[in-house]
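Reviewing the structure listed below.
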Protein chains: 2
Amino acid sequence: MKQKNELLSKNQQVVFELIEKANEPLKAYSILSNVQKKGIKAPLQVYRALNKLMEIGKIHKIESKNAFVACTNNSCKISKASAFYICETCEDISEVNDSKLTKYLSSFKGNNDMKVNKYNLEFFGLCKNCRVR
Amino acid sequence: MKQKNELLSKNQQVVFELIEKANEPLKAYSILSNVQKKGIKAPLQVYRALNKLMEIGKIHKIESKNAFVACTNNSCKISKASAFYICETCEDISEVNDSKLTKYLSSFKGNNDMKVNKYNLEFFGLCKNCRVR
DNA sequence: TTATTATTGTTATAATATAACATTTTATAA
DNA sequence: TTATAAAATGTTATATTATAACAATAATAA
Ligand SMILES: [Zn+2]
Ligand SMILES: [Zn+2]
Ligand SMILES: [Zn+2]
Ligand SMILES: [Zn+2]
């Protein structure tokens, strides 16, 4: 079975591996400085890789932080539905994986006539760790 | 009865009035250029007003656009819960006002141990107008 | 092959946002 | 009222995030 990373180009792979290994969201210029030894020299090279990776759903952008994380939820590979928990204290971020929520939001109509085909949701709060202390 | 705008300082009022009158989300530097005749000269003056206005829930930031809109939903004055429809074609943005959604998300637990005290949701899709054409 | 599309490399620049510091205004309470 | 604290302002400089424009190369498909 073909591994998915084979589908990625060289720069995309380099950027993706870094993001995947990180245990926190990474910012574009931090990514840049970490991949310069791998031959990526300019911001645009990073942004191009990031854009592609988002497009194919392998990473997501945390809009409120301008930072990027690897998708931990196969079901949003389509990159049409993403949701995150963000701890306001320790900045820890985790992706929500809740099929009910996905279903609810994907088919949400509300008061409006909009046909929704994508959404992004960010929950802010206190993670378990930060609550205990 | 006291009008709420009285609570705003001069710069906050100037910035808020501009945003409130606009029928589209405004970006910080566009706000700046539109209030220079009112004596606001520097980006920081705009950002400070914006931050305060967000804090008290009179405006919201559309994170995916780095732009600001007036709140059209009194119930989120507390600035703890916001949701938007964003048309991907005409860029029209409207705030979701749906108490069920608010309730559902405000009390959302999911798989995580996080205690949620705030969220931001952005729906992307096609508005009625753009669907017809 | 040859045309089309995706990817890369590179330099410059645009757009968004904050740091740091000095001053002034407004609110609070002794 | 007057001292004190808190909030808001003014200003310059700078940090951070992101794209424009153009040239070259590699991968894919008709
Ligand atoms: Zn995901
Ligand atoms: Zn935490
Ligand atoms: Zn609102
Ligand atoms: Zn539209």
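Protein chains get the first letters and strands the later ones, always in sequence-line order, with residue 1 at the start of each. What you see is a predicted model, and the numbers here were worked out from it, not measured in a lab.
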Between [X] ([atom1]) and [N] ([atom2]), how many Å, whole number?
X	N	atom1	atom2	answer
B/R48	D/dT12	CZ	C1'	12 Å
A/I40	C/dG9	CD1	P	7 Å
B/K10	D/dA8	NZ	C1'	10 Å

Do [X] and [Y] have side chains that get closer than 4.5 Å, going by heavy atoms?
X	Y	value
B/N34	B/L26	no
B/L50	B/I31	yes
A/I93	A/E24	no

Which nucleotide in the list [options] gets nearest to the side chain of [X]?
X	options	value
A/L44	C/dT10, C/dT18, C/dG9	C/dT10
B/Y47	C/dT18, C/dA20, C/dT10	C/dT18
A/Q12	D/dT19, C/dT8, C/dA20	C/dT8
B/A28	D/dT9, C/dA17, C/dT11	C/dA17
A/A42	C/dT11, D/dT19, D/dT9	C/dT11

Touch class at under 4.0 angstrom, heavy-atom based, for B/K61 against every strand present |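 Sugar-phosphate only.
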
Donor-acceptor pair under 3.5 Å, A/Y29 side chain vs D/dA18 base =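 Side chain to base: pair found, below 3.5 Å.
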
Spatial distance of atom CD (B/Q12) from atom CD (B/Q45) [nearest 0.5 Å] |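 So the CD of B/Q12 and the CD of B/Q45 are separated by 12.0 Å.
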
